[in-house]
There are 2 protein chains.
Amino acid sequence: MNTHSATAADGRSPATVASPDRRARPHGKPAVGRDRVLASAARLFVEQGYAATTTRQISAAVGIKQPSLYYHFPNKAAILVELLVATAEPSMLAARDMLADRDRSPLDRLIELIDFDVRLLASGPWNIGSLYLLPETAAPECVRFRELRSELAAAYETLVSAAIAAGEANVESGPRTAALLFSLVEGVILRRNDASDIDAEQIARDIQQAAIRVLGATPGRDRA
Amino acid sequence: MNTHSATAADGRSPATVASPDRRARPHGKPAVGRDRVLASAARLFVEQGYAATTTRQISAAVGIKQPSLYYHFPNKAAILVELLVATAEPSMLAARDMLADRDRSPLDRLIELIDFDVRLLASGPWNIGSLYLLPETAAPECVRFRELRSELAAAYETLVSAAIAAGEANVESGPRTAALLFSLVEGVILRRNDASDIDAEQIARDIQQAAIRVLGATPGRDRA
DNA sequence: GTCTATATTTAGATAGAC
DNA sequence: GTCTATCTAAATATAGAC
């Protein structure tokens, strides 16, 4: 699985959200209080946005009364922040892995990172990535999230530049190409907003090929 | 200006928003009541989102009292709807033009449409396209906007398919490629959210080249 | 960990004068 | 076309019992 066409099936697979603070429950199933709040809030925030979602709606979805939410979270914003961080963290960790894995070619690692991100955004029951698009992410409480995302964007830039230096990519500008690839990946969020029934595998393949073409990369052994 | 590298400098240039119902003011300047409301609301909706923006904020930005808004609009939602339609309509009209202009090659017309949309999204004082990303666009009141956007997406699909049929593009699937190009274009909105100081011309060039590469188009006379 | 009861604030919208 | 005054509803959050 050291090629970018592998489905990135390592430890952190693009799975469910939530539980960033406590370690994953040993027998990961029942989803206790706090996690059920996060799951319900995720769905509502995605469908209605943050400001339009009331704490009563969240509590109703969980099956508890509104004030009970404040046992789990200090306020409404804390729920959003935890969702944002939990969603962005896997990508950032994958990016760190790719930056550290200096045995493989930059292009290979860039493509694998893109693949990981696309699958993360394209899978899961709700379009969780659309949380990134909420205007509220600009609030001070969401700094941590924005830092994670900046680190991810920086990794894209580093890998694109390295690919250029290695003669694997043929583009005018590294930073601009990295930004374009980044928006190409996050464009999955937009596509999922339009058509909720997307095929994650298909999208991942399409974007991988598009990325390779945008980079002007010479088709390698297992690249079409 | 019959080539896609022209800046689409026809009647409907990607200019300011507003005034969809009444014809553009003869000497387009003072921006009277209603238009000032739209302009202020646009800025606030873009920065804070719809639900988080209060009618009092809008009125304060205009310099009037909150109830005075209801002379111009029946309710808050109507302001958003008018902004959405006014923003999306130019793209739809450009799409219709490109579909009708059967003298030129499909690829040329597709590229020009992409260029038009990118410039529209990349220019203007605020990231007006981010209105598209608001969760409230899913509300019933915004049907007209969603129809406009569907028609635009359909035009992309038609032009991509025609380009394939004409042997100008080398891709697996027309519809999937069209959707990918569409999200590539709207990705401009995401880039502008991250870096507010973007160079519209540069972005337009970058996305044009990226689109050509994604399409697997053979570089023509004035395409790099 | 969840409840009832409630405080506090603020939202969108209307009535009617000028 | 804008104002003052105000209604009504609903929001987040707290206090404290169980």
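In what follows, every chain begins at residue 1, and chains take the letters A, B, ... in the order their sequences are listed.
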Once you apply a heavy-atom cut-off of 4.0 Å, does B/S59 come out as touching a base, just sugar-phosphate, or nothing? nothing
Just grab all the salt bridge (Lys or Arg N to Asp or Glu O under 4.0 Å) pairs involving residues 185-197 of chain A, residues at least two apart or on different chains. A/R149-A/E186, A/D194-B/R149
Parallel, tilted or perpendicular: which fits the ring planes of A/Y156 and A/F182, with parallel below 30° and perpendicular above 60°? perpendicular
In this structure, how many angstroms lie between the [atom2] atom of [N] and the [atom1] atom of [X], rounded?
X     : N      : atom1 : atom2 : value
B/L80 : C/dG12 : CG    : P     : 13 Å
B/Y70 : D/dA5  : OH    : P     : 19 Å
B/I58 : C/dA11 : CD1   : P     : 11 Å
B/Q66 : C/dT10 : CD    : P     : 14 Å
B/I64 : D/dT4  : CD1   : P     : 12 Å
B/N75 : C/dT14 : CG    : C1'   : 13 Å
A/H72 : D/dA13 : NE2   : C1'   : 16 Å
A/K65 : D/dA17 : NZ    : C1'   : 16 Å

Does [X] place a side-chain N or O at less than 4.0 Å from the phosphate oxygens OP1/OP2 of [N]?
X     : N      : answer
B/Y71 : D/dG1  : yes
B/S68 : D/dC3  : yes
B/R56 : C/dT10 : no

Any ring pair (Phe, Tyr, Trp, His ring centres under 6.0 Å) involving residues 44-64 of chain B? Give me the pairs, sequence neighbours left out, ordered by first then second residue. B/F45-B/Y50
So is A/R34 actually on top of A/F73's ring, under 6.0 Å and inside 45° of the axis? yes
Of A/P74 and A/T54, the one whose closest nucleotide on DNA chain D sits nearer the 5' end is A/T54
